[in-house]
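Notes follow the structure.
Hydrogens, waters and symmetry mates play no part in the numbers below; they use all other heavy atoms, side chains included. Along the sequence shown, the residues carry numbers beginning at 1.
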Amino acid sequence: MGEGSGGDERARSATVRVFIALAPPDDAKDELADALGPAYAAYPRMRWNRIEDWHITLAFLGELPVATVPLLRPPLADLAAARRPLELALRGGGHFDDRVLWSGIDGDLEGLHGLATEVRAVVAECGIPFEGRPLRPHLTLARARRDDPSSVLEAAAGLAGFTGRRWRAGWLHLVGSDFGRGPGPIRYRDIESWPFGEV
């Protein structure tokens with residue numbers, strides 16, 4: 001039994017859950033957090049994501065062998081250097097399946113979709129398989145517990161009129177998470193990030 005459990009631990013430590021994303025700057029996140037103040041107070045049982053972990057996913061790669069991750073670094077760095085920063089904003093709110101609360105994305109959505117297409121092409125060229133779901137630009141804010149079907153709907157309605165200021169997405173982030181590795185909340189960390197060029 002001890003041997004099996006050690007093997008499981010080694011297998012987990014040999015992989016990392018990875019995605020490629022953009023992140024709003026701190027002042028844009030603070031603006032949204034202020035708008036969420038009433039929801040934080042009204043729905044404390046929801047599992048709220050940490051503000052420092054808010055991100056816009058461009059490609060979710062899932063669980064990868066740690067040794068695979070370095071393959072992504074040079075082409076993603078080149079991709080970022082060849083692109084201008086995107087002008088984006090956070091706007092409104094919504095929900096997926098009455099369980100997930102999100103804020104919407106406004107601004108250069110055509111550029112955002114184009115960037116996601118290029119990022120996914122880089123991943124494919126590196127020979128890394130992933131589930132290429134259609135991009136639905138959003139910022140995940142919280143998840144409801146299974147016995148709490150109404151909180152997400154009410155919190156999303158409260159965000160309907162939110163319009164954040166415009167900001168520049170200046171960095172492309174390769175992010176790892178500890179999803180499924182413990183009882184606590186999910187934590188994200190930058191594996192590496194690259195500035196966009198000014199072309």
Side-chain angles (χ1 to χ4, degrees), residues 17-62 85-116 119 131-173 175-190 193 196:
R17 184 167 281 229
V18 176
F19 57 90
I20 301 162
L22 302 177
D26 288 345
D27 53 354
K29 292 190 288 189
D30 289 344
E31 191 178 29
L32 177 56
D34 287 345
L36 282 169
Y40 286 143
Y43 313 112
R45 292 189 65 244
M46 286 175 61
R47 291 191 283 263
W48 292 96
N49 289 3
R50 300 187 313 163
I51 294 172
E52 56 266 43
D53 289 338
W54 286 352
H55 63 271
I56 304 162
T57 301
L58 301 173
F60 179 73
L61 310 189
L86 293 172
E87 296 278 343
L88 300 172
L90 302 175
R91 181 172 184 179
H95 56 88
F96 296 134
D97 300 329
D98 300 345
R99 293 284 312 281
V100 178
L101 174 68
W102 50 260
S103 176
I105 309 300
D106 200 4
D108 184 4
L109 296 181
E110 183 178 343
L112 184 61
H113 280 273
L115 175 62
V119 161
E131 190 176 345
R133 295 179 183 174
L135 181 69
R136 297 177 67 180
H138 68 279
L139 199 74
T140 301
L141 302 173
R143 287 170 176 78
R145 299 180 187 275
R146 293 191 184 278
D147 62 350
D148 181 22
S150 63
S151 293
V152 162
L153 305 182
E154 293 164 8
L159 272 183
F162 173 74
T163 301
R165 65 165 192 84
R166 292 251 172 162
W167 44 272
R168 299 179 89 206
W171 294 78
L172 183 65
H173 300 266
V175 185
S177 85
D178 64 358
F179 182 86
R181 287 179 161 80
I186 299 171
R187 295 286 186 258
Y188 301 106
R189 61 178 177 81
D190 262 14
S193 57
F196 290 110

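Using a 4.0 Å cut-off between a side-chain N of Lys or Arg and a carboxylate O of Asp or Glu, R145 and D148 do not qualify as a salt bridge.
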Checklist entry - Taking it one step at a time, do L22 and L172 satisfy side-chain contact (heavy atoms from CB on, under 4.5 Å)? => result CA-CA 6 Å; L22 302 177; L172 183 65; 4.3 Å; yes

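Nearest approach of A28 to R165, heavy atoms of both residues: N-NH2, 4.0 Å. The two residues Y40 and A33 make their nearest non-hydrogen contact at CE1-O, 3.8 Å. Between G164 and E31, the shortest heavy-atom contact is CA-OE1, 3.6 Å. Here the shortest heavy-atom pairing between S103 and G92 reads OG-O, 3.2 Å. Nearest approach of A156 to H95, heavy atoms of both residues: CB-CD2, 4.1 Å.
Annotation for D97: atom CG does not count as buried by contact number, only 12 or fewer foreign heavy atoms lying within 6.0 Å. When the shell of 6.0 Å around CZ of R133 is examined, it contains 12 or fewer heavy atoms from other residues, nucleotides or ligands. Within 6.0 Å of CZ on R99 lie more than 12 heavy atoms contributed by other residues, nucleotides or ligands.
One finds the NE2 atom of H173 at 10.0 Å from the CG atom of L58 (value rounded to the nearest 0.5 Å). Summarising the geometry, atom CG belonging to L159 is positioned 10.0 Å from atom CH2 belonging to W102; distances are rounded to the nearest 0.5 Å. Between L101 atom CG and R47 atom CZ the span is 13.5 Å, to the nearest 0.5 Å. Distance check, rounded to the nearest 0.5 Å: CD of E87 to CG of D108 gives 8.0 Å. To the nearest 0.5 Å, atoms CG (D26) and CD1 (I51) are separated by 9.5 Å. For the atom pair L36 CG and Y43 OH, the distance stands at 11.5 Å (nearest 0.5 Å).
F196 has its side chain out of reach of R168: every pair of non-hydrogen atoms, C-beta onward, lies at least 4.5 Å apart. Using a 4.5 Å cut-off on side-chain heavy atoms (C-beta onward), M46 and L141 make no contact. Between W167 and L90 the shortest side-chain heavy-atom distance falls below 4.5 Å. Residues V152 and F96 fail the side-chain proximity criterion, which asks for heavy atoms closer than 4.5 Å. Using a 4.5 Å heavy-atom cutoff, the side chains of W171 and D190 are not in contact. The shortest side-chain heavy-atom distance between L139 and K29 does not fall under the 4.5 Å cut-off.
In this pair, Y188 and H55 present their aromatic rings perpendicular. The plane angle is above 60°, beyond the 30 to 60° band.
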